[in-house]
Amino acid sequence: MRGRGLHFRFHLWLALLFALIAASFGISVKNQSVRCIAAERRALLDFKKGLIDYDNSLNLLVSWTSKEEECCKWKGVGYDNTTGHVVMLDLRPRIIYGIFGGSWTSISDFIGSLYDLTYLNLSSNPLTGFIPHQLGSLSRLVYLDLSTDNFDQSLISDNLEWLSHLSSLKLLKISHTNFTKATNWPQVIQSHPSLSVLHFEYCDFAEVDPSSLVHFNSSNSLSVLHLIWSSSLHPSTFPLLLNISRNLVELDLHHNQLSSLIPDSFDNMPALEKINFEDNSLKGGIPKSLGNLCHLKELNLRDNKLSGPLTFAVTNLSGILEILFLDENNFNGSLPSFVRFSSLRELNVAYNRLSGHFEDNFGNFSKITVLDLDENRITGPLLDLSKLSSLKKLSLRGNQLDGLLPVNIGKLSHLVLLDVSNNSLHDVIFEGHLFNLTKLRYLLISFNALSFNLSSNWTPPFQLDFIKMSSCKIGPQFPSWLRKKTNFFHLDISYSNISDNIPYWFWNLPLRLMFLDLSFNQISGRVPNLPLKFDRIPLIDLSSNLFHGPIPQFLSKSTTLDLSNNMFNGPLSYLCTNKDSGLSYLDLSNNLLSGGIPDCWIKSRRLTIINLENNNLSGVIPTSLGSVETLQSLRLRNTSLHDFWIWGEIKLTGIIPPWIGERLENLIVLRLRSNNFHGNIPSTLCHQQFLKVLDLSLNNISGAIPSCFNNLTTMAHLGSSAATIEFYTTAFFGRTFDDNLLVIWKGVEQEYGKILGLLRLIDLSCNKLSGEISREIASLHGLIALNLSRNIMFDLSFLSVLDLSNDNLSGKIPLDTQLQSFNATCFAGNSRLCRDPLNKCPGDESPKLPNNRGTEIIAESDEELFEPLWFVTGMIARFLVGFWGVFCFLLISRFWRHKYFQLVNKLGDWIKLTMALETVKLQLRLRLKD
């Protein structure tokens, strides 16, 4: 307990010292018999000239005037009421050093004259320039804080000699400082006679010679070392820091990009109580010498690359540990027994590769409050956890747990968070599971086979803040217990088999709401137009339900709004009611919305996605959409797309707006297929560097193809790209999408998803384009498909080289094209390809024979006559084998017979539900027309 006692005594002494300084400062205000030293007062006024107080509300420097002779009344200044010397300067948090007075030299002269200074705090200021060497004159200084919040600029120190002269210094905090020329910094720290607490943050250090540091200096007083967020800490420095002081109690080296093994040299720091090596790239296992640290209470090794069996790793640890974080590493093997760690309060081994059954690994732990085993491969049923009576957080998400949810989990009366989501648990939850969870605030049980059997008048014993029950069977009735506990900020009951009319009371939503997801149910009813004003802009997802009626205004006050696949009707004018919308994601597709697209998008400058596909909208694309510079996806059809995709088939009219190419610079897919656009293709579309799919087919576009298509950079180059196209919206709860796209390929509309990112396509078919095909299209080497069919007279004579050999092509070569002018070797290796210049296709020129009346008949070969017979015979044989094979298999196997009929029943239910939904939609459309 020697190290722990030393640590405690130091902080107690430091607290008493600061209290005495503050008390002295307070007394000096009242004692008017002693005045501050005139020379020091003048030095402070000179110092003020080099400072700028840019927050006048603090009035920190207003009191520093020559008229006020008593500097004891100046804010941020404290002096000794006996000697009159300034002993304290606290100039945080709103002072910056200006250029008045030249450089740090003027400050250095000032600091050097305050010999009695014991406390100097310049923290939270954007300090720059060199650290003055005159700081070393302050031999009585105990507390020095030069930490800054300026990420753009930094302090500079060529060496740390000034630190070695601060013989009374106990605590030093410094950040954003360049020490790359101070090669002696470890020696200065190790040999300092009084320094006990040292904080380095966001500092750059020089590489150090390992042989230059003297080890095992028992006179070293350093007990706390925080050296964090350094991007230049050399691996050779790591072992030196483990030998810098035998009295070290706390060692924090997190976020330093260390990539070596953990040195096995902890024997030189027997007093260590707390170690934090989080977020580095440390490799290997846990060294044995860690087990010799008899005082070690906290060990944080999370977010590294440590590996090996966890069972072996924990054998090298002391049994008195209270906090152990090993999450986000590569540990494997089974979950070890932690029974010998009887003092353990927090255990986190999440995001590893642990496997095996969940067994009695914890014994009768009465002290443990946090148990986190997320995202491993732990299997088997959950055992009795009621022995862990002090648990506040239990997180088992993303494993392979199965079986029942233990009823005695309701005995964990201190539990605040319960997360068993993404497992294979199957059970019916009733009041007994939850009866004693009075402190529960976070309940996450999504993606299991859990169902609820709660009475309609049940009152929850808890007040939940975070509810996540996606894919649990909560329905068919809407959960009435939510009415009694409605102070949540996150609610997700999507995919919950609810087929009920939503009660009016539910819409009295808590003002602190941040996330609401009721999607993929069969919830019906109207959403009332309530004057709700949320404290934060929430994410709201009501998609894939049976909601109807107009969209209320308060729903637009969200950052993400998804109302797709419902029966909402009416115009979109409500979108224009917000003065400054925070909306970033809007999906209103597959509804019954009507009218035009409103021209008020200038108020929605944060939008990244707009999806209005499959409604009854008409009119033109409003020009204000061009002002939404963050827009990545504008969908006007019933398929998905990404990053910036524009879709058609809502029968929009007019010309294609030129601003699409000028302002929307991040297009990946531009699809305005099947509308009524006319006019020319705007040449501004050539500005699209990232375009992969351009589909303007089935319109009334005329004129020539722009000659600048070779500027479509992505199509012009043969380069590798991701197979999928990911799309991310920067909402409060960001979401990533892997989208799909329906593409006309060889005359058939096919869906592309997993390989969509590899597609390069231009489709201008079914328009009124005329003239020659520009030679620039031939320079689009990355182009995979080009469709110019059903236009007016295209000249393909510019093609001078064509190589389609060994492409596994099939079918008939089109006639009356330039293709007939090429040699047959251009088509070699395509055995199923026919017509000129290759062999004729069967049936192209059948021999004609005269009959006895002088007319001509077409002769048919025996093979052609028997082809239908073989076809019919083959179909009958396949039917008999397929039908009776499946029938006999189902007759023999009882298991698969049950599975088959379950599938048939589910398919029948789905057909009935789909027919009912379409009937309701048809009825609503008829009513709207009436």
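Source: prediction; values computed, not measured. Numbering starts at 1 and runs along the sequence shown. Scope of the values below: all heavy atoms of this structure, side chains included, with no hydrogens, waters or symmetry mates.
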*For residues His133 and Trp162, establish whether the separation of their ring centroids is below 6.0 Å.*
no

*For Trp185, what residues pass the ring pair (Phe, Tyr, Trp, His ring centres under 6.0 Å) criterion, not counting sequence neighbours?*
Phe205

_Strictly below 4.0 Å, N to O, side chains only: are Glu322 and Arg345 in salt-bridge contact?_
yes

*When rounded to the nearest 0.5 angstrom, what is the spacing between CG in Leu396 and CG in Leu418?*
8.0 Å

*asked:* What I want to check is whether the side chains of Glu250 and His226 have a donor and an acceptor closer together than 3.5 Å.
replied: yes

_side-chain hydrogen bond (donor to acceptor under 3.5 Å, both in side chains) for Asp384 and Asn408? Distances and angles first, verdict last._
CA-CA 7 Å; Asp384 183 6; Asn408 52 30; 2.8 Å; yes

_Side-chain ion pair, Asp465 and Arg512, N-O less than 4.0 Å_ = yes

*asked:* Less than 3.5 Å apart, any donor N or O on the side chain of His254 or Asp279 sitting next to an acceptor on the other?
replied: no

*Examine Phe277 together with Phe238 and report whether their ring centres are nearer than 6.0 Å.*
yes

*For atom CZ of Arg140, is the number of surrounding heavy atoms from other residues, nucleotides or ligands below 6.0 Å larger than 12?*
no

*side chain to side chain contact (heavy atoms under 4.5 Å, CB included) partner of Leu344, chosen from Thr369, Val370, Leu324*: Leu324

*Plane angle bin for Trp229 and Tyr202 - parallel if under 30°, tilted between 30 and 60°, otherwise perpendicular*: parallel

_Passing candidate, side chain to side chain contact (heavy atoms under 4.5 Å, CB included) with Pro287, options Asn292, Asn316, Asp264_ = Asp264

*Between Ser245 and Asn247, a side-chain donor and acceptor under 3.5 Å*: no

*Check whether any side-chain heavy atom of Ile244 sits under 4.5 Å from a side-chain heavy atom of Leu242, and report yes or no.*
no

*Asn487 versus Gln463, side-chain donor and acceptor atoms under 3.5 Å*: no

*Beyond-backbone contact of Phe488 with Leu464, side-chain heavy atoms, under 4.5 angstrom*: no

*Qualifying residue, where the test is side chain to side chain contact (heavy atoms under 4.5 Å, CB included) with Lys297 and the options are Ile320, Leu272, Leu321*: Ile320

*Among all residues two or more places apart in sequence or in another chain, which pass the side chain to side chain donor-acceptor pair (under 3.5 Å) test with Asp374?*
Ser395, Arg397

*Could you tell me which residues satisfy side-chain contact (heavy atoms from CB on, under 4.5 Å) with Asn361, sequence neighbours excluded, listed by chain and number?*
Leu335, Glu359

*Over 12 foreign heavy atoms within 6.0 Å of CZ, Arg353*: no

*Is the count of non-hydrogen atoms from other residues, nucleotides or ligands lying under 6.0 Å from Arg377 atom CZ greater than 12?*
no

*asked:* Is there a side-chain contact between Asp90 and Tyr119 in this structure, where contact means two heavy atoms from C-beta onward sitting under 4.5 Å apart?
replied: yes

_The test is side-chain hydrogen bond (donor to acceptor under 3.5 Å, both in side chains); show your working for His85 and Asp80 and say whether it passes._
CA-CA 6 Å; His85 287 290; Asp80 190 306; over 6 Å; no

*If you measure from NE2 on His490 to CE on Met514, what distance do you get to the nearest 0.5 Å?*
9.0 Å

*Tell me the salt bridge (Lys or Arg N to Asp or Glu O under 4.0 Å) pairs involving residues 302-314, sequence neighbours left out?*
Arg302-Asp327

*Between Ser223 and Ser196, does any side-chain donor sit less than 3.5 Å from a side-chain acceptor?*
yes

*Side-chain heavy atoms of Leu296 within contact of Leu290, under 4.5 Å*: yes

_Applying side-chain contact (heavy atoms from CB on, under 4.5 Å), can you list everything that pairs with Val339, at least two apart in sequence or on another chain?_
Ser337

*If you measure from CD on Gln400 to CG on Leu425, what distance do you get to the nearest 0.5 Å?*
12.0 Å

*Please examine the side chains of Cys203 and Asn178, heavy atoms only from C-beta on, and report whether any two atoms are closer than 4.5 Å.*
no

*Do the ring planes of Phe179 and Phe200 sit parallel (below 30°), tilted (30 to 60°) or perpendicular (above 60°)?*
perpendicular

_Pair Asn268-Asn243, side-chain donor/acceptor within less than 3.5 Å_ = yes

_Among Thr315, Leu326, Leu310, side chain to side chain contact (heavy atoms under 4.5 Å, CB included) partner for Ile286_ = Leu326

*asked:* Measuring only between side-chain heavy atoms, which start at C-beta, is Ile131 closer than 4.5 Å to Ile174?
replied: yes

*Give a yes or no on whether the ring-centroid distance for Phe515 and Phe466 is below 6.0 angstrom.*
no

_Going by side chain to side chain donor-acceptor pair (under 3.5 Å), name the residues that satisfy it together with Asp158, two or more places apart in sequence or in a different chain._
none

